[in-house]
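Side-chain atoms are counted along with the backbone in the values below, which use heavy atoms only and exclude waters and symmetry mates.
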Amino acid sequence: KHIPSDPRLTSSFTNNSHPVDNVAQAMKELGDSAERWPEMSEKAESIRIFRCGQNVYKTLCRSEKCYIENAAIHFIAPMKQFLTSDIKRLEQERRELMTSRVDMDSARNRAAKHEECLPEAERATHDFERQKEIVEEEIRGLERKLGLVCTAVKTYVDDHVNYLETSLAAMRELQRAARGE
């Protein structure tokens with residue numbers, strides 16, 4: 001059957017928008033035309049499913065974008081800070097503690113053999129104790145930050161569950177549309 005030419009059906013292809021937008025607009029216009037032209041009523045169901053698919057696609061895109069942004073802000077950034085900065089600083093301080101322990105033991109052994117080395121042993125012992133306090137303070141700081149890391153993990157899990165629930169609801173909507181419900 002011949003369908004009358006309607007300039008609205010081709011109008012969306014004359015601008016410079018994205019091709020997917022053009023197809024969506026053309027499908028919308030076809031759907032609008034189907035309501036006016038009985039000849040196109042058999043295509044109305046396909047167009048309705050297409051529109052539902054568009055809405056589901058937009059919902060999935062928004063949900064995924066929100067999930068990715070939240071994961072980057074609330075999970076990846078705190079974990080990266082914790083692992084790259086805090087843990088590395090602790091490792092560096094721990095290595096310095098091990099070095100000062102070796103220096104202290106060496107200075108004490110020399111002082112046991114030679115009494116004139118006693119001030120060096122005392123200085124090495126003092127340096128070791130100072131470095132030990134620094135490491136203990138770093139550990140206490142990391143223990144405080146573990147609460148933030150746990151919060152970041154919980155937030156990430158909540159965001160992921162929300163993303164999955166939104167995706168499932170959107171896909172169920174598309175499933176209902178495909179069944180004609």
Salt bridge (Lys or Arg N to Asp or Glu O under 4.0 Å) involving [X] - partner list, sequence neighbours excluded:
X: Glu137; result: Arg140, Arg144
X: Asp86; result: Arg89, Lys145
X: Arg172; result: none

| Do Tyr67 and Asn162 pass the side-chain contact (heavy atoms from CB on, under 4.5 Å) test, and can you show the C-alpha distance, the side-chain angles, and the key distance before you say yes or no? | CA-CA 8 Å; Tyr67 167 68; Asn162 186 36; over 6 Å; no
| query | Roughly how far, to the nearest 0.5 Å, is the CZ atom of Arg108 from the SG atom of Cys117? | reply |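 Nearest 0.5 Å value for the SG-CZ distance: 14.5 Å.
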| said: Nearest 0.5 Å, please: how far is NE2 in His126 from CE in Met104? | reply: 13.0 Å
Considering only heavy atoms from C-beta outward, does the side chain of [X] approach that of [Y] to under 4.5 Å?
X: Asn70; Y: Phe75; answer: no
X: Lys132; Y: Leu97; answer: yes
X: Tyr57; Y: Cys61; answer: yes
X: Asp103; Y: Asp127; answer: no

| field | side chain to side chain donor-acceptor pair (under 3.5 Å): pairs with one or both residues in residues 114-123, sequence neighbours excluded | value | Arg110-Glu120
| field | Verdict with reasoning, Arg176 to Glu173, per salt bridge (Lys or Arg N to Asp or Glu O under 4.0 Å) | value | CA-CA 5 Å; Arg176 282 191 301 276; Glu173 177 186 334; 5.4 Å; no
| Test side-chain contact (heavy atoms from CB on, under 4.5 Å) applied to Leu142 and Ile87, step by step | CA-CA 8 Å; Leu142 285 177; Ile87 296 293; 4.0 Å; yes
| Between Tyr156 and His74, does the ring centre distance come in under 6.0 Å? | no
| field | Apart from Met171 itself, residues in the same hydrophobic cluster as defined by side-chain heavy atoms under 4.5 Å | value | Val56, Leu60, Leu174
| request: Just grab all the salt bridge (charged side-chain N to carboxylate O under 4.0 Å, His left out) pairs involving residues 152-162, residues at least two apart or on different chains. | output: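 Output for this query is empty, none listed.
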| query | Can a salt bridge be assigned to the pair Arg94 and Glu91 using a cut-off of 4.0 Å between side-chain N and carboxylate O? | reply | yes
